Protein chains: 4
Amino acid sequence: MERKQRRRQILEAARSVFAARGFHQSSVADIIEEAGIARGTFYLYFESKRAIFGELVDQFLVAMKNNVRRVEIGAHLPPPYEQLRANFSRAVALFLEDRDMSVILLNHAQGLDEDSDRKLQEFYDAMALALQRAVEGGQALGLVSIEDTEIAARVMLGGIKEVIHYLVVQDAEPREREQLVDDLVQLIFCGVIDGGLKQLREPVSRVPDSIAHLERGGT
Amino acid sequence: MERKQRRRQILEAARSVFAARGFHQSSVADIIEEAGIARGTFYLYFESKRAIFGELVDQFLVAMKNNVRRVEIGAHLPPPYEQLRANFSRAVALFLEDRDMSVILLNHAQGLDEDSDRKLQEFYDAMALALQRAVEGGQALGLVSIEDTEIAARVMLGGIKEVIHYLVVQDAEPREREQLVDDLVQLIFCGVIDGGLKQLREPVSRVPDSIAHLERGGT
Amino acid sequence: MERKQRRRQILEAARSVFAARGFHQSSVADIIEEAGIARGTFYLYFESKRAIFGELVDQFLVAMKNNVRRVEIGAHLPPPYEQLRANFSRAVALFLEDRDMSVILLNHAQGLDEDSDRKLQEFYDAMALALQRAVEGGQALGLVSIEDTEIAARVMLGGIKEVIHYLVVQDAEPREREQLVDDLVQLIFCGVIDGGLKQLREPVSRVPDSIAHLERGGT
Amino acid sequence: MERKQRRRQILEAARSVFAARGFHQSSVADIIEEAGIARGTFYLYFESKRAIFGELVDQFLVAMKNNVRRVEIGAHLPPPYEQLRANFSRAVALFLEDRDMSVILLNHAQGLDEDSDRKLQEFYDAMALALQRAVEGGQALGLVSIEDTEIAARVMLGGIKEVIHYLVVQDAEPREREQLVDDLVQLIFCGVIDGGLKQLREPVSRVPDSIAHLERGGT
DNA sequence: TATGAATGAGCCTTCATTCAT
DNA sequence: TATGAATGAAGGCTCATTCAT
């Protein structure tokens, strides 16, 4: 128990250090200073700087996997939308509750070495695949007409990642989380345009006053 | 002129090295070897390893800025959709034509140091702002009902980044670029669900045969 | 008494560890693992890693000193040869019975630090001196014509050390120990050439068939 | 040429440092201080501390191998004794001319790691084999009656090593080198006893005055 | 006495940058 | 302008030893 607590303490320290400076800018010296321990103690609990970083990432990925459930279709089950929304909600919650790890994962976790990159890649691939399956389900139900489900899934994944990243980096609890999730789900599944693309396709003759100022805007 | 060519030669070498290994894994030794020049020569043309990296990023960002134009609304102008689509098309083209830089920007350019991160941040912020303005334009035109245009813009930006990243990393010219751009625009503006969310909200009683296999899927 | 047993246990463990890996390659961790004790316990019995090593060496040197007796000359005493041979026999027995320590002494015990080196040096010096005295005795008896008895003693000492080392490292009980001792004594006192150097000094005109193959040998 | 000189300079520094303190007690810091160069410069010329040590050892072993020639038997060749003596003379000269390396080889070169130990082992094995072949030659010529030529060779090798070691550590040019070589050859081939072992086998009834003092000697 | 967590000095090695030629 | 040898700060990691329990 003692041992586990010390481990946790070091992990916390490392997490905050990595989040603040990134992997390369962070030295073991930074971590032990943050944790208030001696040099050797660090290596009593972790094999290397890489190892503790990997453990942090793994921890988070596992939590994420455990919180995202396959969308099942059936009469006695919640409608797909509810299931999807619940997944989104849990994922967003995880990210927002652990901003350090979010920053690490979305900002610094890439380009360390091939193994590490592959692990991350595989995680995102798994998320993308889950989304792709959901989209294919929608296709089968006749709700989706787009053909390239892989691209569709990637767009959705990217949207989620970027929003999370944005919110975390802004470091502002911007609004009600559930409202955010609703927006996110709607944007990702339905886009921004209410009635589809048709409306965009026509030339606009009358500029509403409300946006006239945009025409010659600054940077 | 001679000097400019030498600069360009070193920049090319650095670009390919950075793309292959990332910033931290790449050493000045790698770059000068790739360029076939001596150690000292490198510093005759660039102040530091960071400087040449920054220059590569800047170069690309400038090209990108030059290729993305503000969407103007007016009777004698192309419809907003055409303008938007043209922007997307040019951006995608830029990325796909310079995969090295795409990898660098989307994978390795973050977490180097505060200056660098801020510059990148500012670039993406600018892209997000452009998208946000477009969305606000749609709002004014009554096409968009979503209120949080900032989030909407971020979702769109993330979708684009992720797709580009995916395509570049896959290293496969997957399909007609224009077709891809069409899909991208549709996804980002209209989402995947044809008729809006309503359809997802209802429970599904009948599972189409075509997706029955998905219910108990593997990994 | 309990304490002495624990000491002995740790000494045994250290001996086998040192013999297997040498002083520098062996860590205190290795020793306590081999002994099955805790880190702190080690320092309850020995001041340092160096100390336990020194104690092992001392132990062996004392045993050796106790087993090598001065060659006494007198009418009622065994002939010098018997006494010398007995000394050799006991020394060889000691080495072969404690191969771990033999390896340590003959292989790893040098170059640790000045104190340690000096102690070892002194031991070998004592052995050399004993041999030198014996040679001087022979000189006085008219059996030895060589003048530099110091060198003679060193040659003899080196011969013994090398043979022991060889046998221990080979890890094979090569032959009857007493036969070995006989050979050793003969070699060290009488050399390999039966009739002295004269025979070697003359050119060889006729190559015996038995060694013709040696003239153009391999490695 | 410049580069070779710098290499040589570092090698010299390392040689003297290793000889003075041994491999483990010597740090790269010691070597660069002795050489008067910067830390990085060391690694410009040698891969590691181990590498430079290995190079020093190799250098010496090669020189030794080049100086020891197979003893050939034939009517038109110098008598075997001359050839043997010449080998000894060259070997002794090599050692005495490079005392640093002698100390390193005879004192510190063992127990570093398996590779290193094996290399050294192989070198001594080769020397032993050469001596064994010589002894076998003597056997064939009827000059040698001892049967175990392997042991004989080891005794000879040990005698040489120990004498060299002794002389080097004493750090005194003790006498004419050729005289030393003569003694060495005689001792190694003919032992110390003029007329063979028989003389030692008889009890001694009369103690010559000249050695009476030895009977109750000091340490 | 026994434990094992904690300590921190010390070492090897890397690599961006400088500078004499 | 070009070279490449030289620099030295910085960082990861080990391990003998201490100490609170």
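Remember, it's a predicted structure, so these values are computed and weren't measured experimentally. Note on naming: letters A, B, ... go to the chains in the order of the sequence lines (proteins, then strands), and numbering restarts at 1 for each one. As a basis for the values below, the full set of heavy atoms in this structure was taken, side chains included, without hydrogen atoms, waters or symmetry mates.
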Open item on the list: Rounded to whole Å, please give me the gap between CZ in Phe46(D) and P in dC12(E).
Closed with: 15 Å
Task: Polar side-chain atom of Asp98(C) near backbone of Phe95(C) as donor-acceptor pair, under 3.5 Å - done: no
Task: Spacing between Ile37(C) atom CD1 and dG4(E) atom C1', to the nearest angstrom - done: 12 Å
- [ ] For Leu44(A) and for Ala38(B), locate the closest nucleotide of DNA chain F by heavy-atom distance; then report the residue assigned to the nucleotide nearer the 5' terminus.
- [x] Ala38(B)
- [ ] Using a strict 4.0 Å threshold on nitrogen-to-oxygen distance, state whether Glu122(B) and Lys119(B) make a salt bridge.
- [x] no
- [ ] Find the distance Glu33(A):CD to dA6(E):C1' and express it as a whole number of Å.
- [x] 18 Å
TODO: Establish, from distance only, whether the side-chain atoms of Gln121(A) and Arg118(A) form a donor-acceptor pair under 3.5 Å.
DONE: no
- [ ] Establish, for the pair Lys49(D) and Phe18(D), whether the NZ or CZ atom is under 6.0 angstrom from the six-membered ring centre and no further than 45 degrees off its axis.
- [x] no
Open item on the list: In this structure, how many angstroms lie between the C1' atom of dA10(F) and the CD atom of Gln25(A), rounded?
Closed with: 13 Å
- [ ] Determine whether Arg6(C) and Ile37(C) make a side-chain contact, defined as any pair of heavy atoms from C-beta on separated by less than 4.5 Å.
- [x] yes
Open item on the list: Base, sugar-phosphate or nothing for Tyr45(C)? Non-hydrogen atoms, less than 4.0 Å.
Closed with: sugar-phosphate
- [ ] Please check if the side chain of Glu34(D) supplies one atom and the backbone of Ala14(D) the other of a donor-acceptor pair under 3.5 Å.
- [x] no
Task: Rounded distance in Å - CZ (Phe18(B)) to C1' (dA16(E)) - done: 12 Å
Open item on the list: Within the 3.5 Å criterion, strictly below it, is a donor on Arg8(B) or Gln5(B) matched to an acceptor on the partner's side chain?
Closed with: no
Task: Secondary-structure stems for DNA chain F, with pairs counted as Watson-Crick or G-U when both distances are under 3.5 Å and runs at least 3 long - done: E:2-21 with F:2-21
- [ ] Find out whether Phe46(A) and Leu11(A) are in side-chain contact, i.e. whether some heavy atom of one side chain is under 4.5 Å from a heavy atom of the other.
- [x] yes
TODO: Can you tell me the distance, in whole Å, between the CD atom of Gln9(C) and the C1' atom of dA2(E)?
DONE: 12 Å
I'd like a table of atom pairs between the protein and nucleotides 16-18 of chain F - only N or O on both sides, under 3.5 Å - with the distance next to each one.
{"from": "dA16(F)", "atom 1": "OP1", "to": "Lys49(C)", "atom 2": "NZ", "distance (Å)": "3.3"}
{"from": "dA16(F)", "atom 1": "OP2", "to": "Val28(C)", "atom 2": "N", "distance (Å)": "3.0"}
{"from": "dT17(F)", "atom 1": "OP2", "to": "Tyr43(C)", "atom 2": "OH", "distance (Å)": "3.2"}
{"from": "dT17(F)", "atom 1": "OP2", "to": "Lys49(C)", "atom 2": "N", "distance (Å)": "3.0"}
{"from": "dT17(F)", "atom 1": "O4", "to": "Arg39(C)", "atom 2": "NE", "distance (Å)": "2.6"}

Open item on the list: I need the minimum non-hydrogen distance between Val168(C) and Ser102(C), along with the two atoms involved.
Closed with: CG2-CB, 3.8 Å
Task: Given dT7(F), dA2(F), dA6(E), the nucleotide with the shortest approach to the side chain of Arg6(B) - done: dA2(F)
Task: Between P of dC19(E) and CD of Glu2(D), the distance in whole Å - done: 19 Å
Open item on the list: Please determine whether a side-chain nitrogen or oxygen atom of Thr41(C) lies at a distance below 4.0 Å from atom OP1 or OP2 of dT3(E).
Closed with: yes
Task: Whole-Å distance separating the CD1 atom of Ile31(D) from the P atom of dT13(E) - done: 10 Å
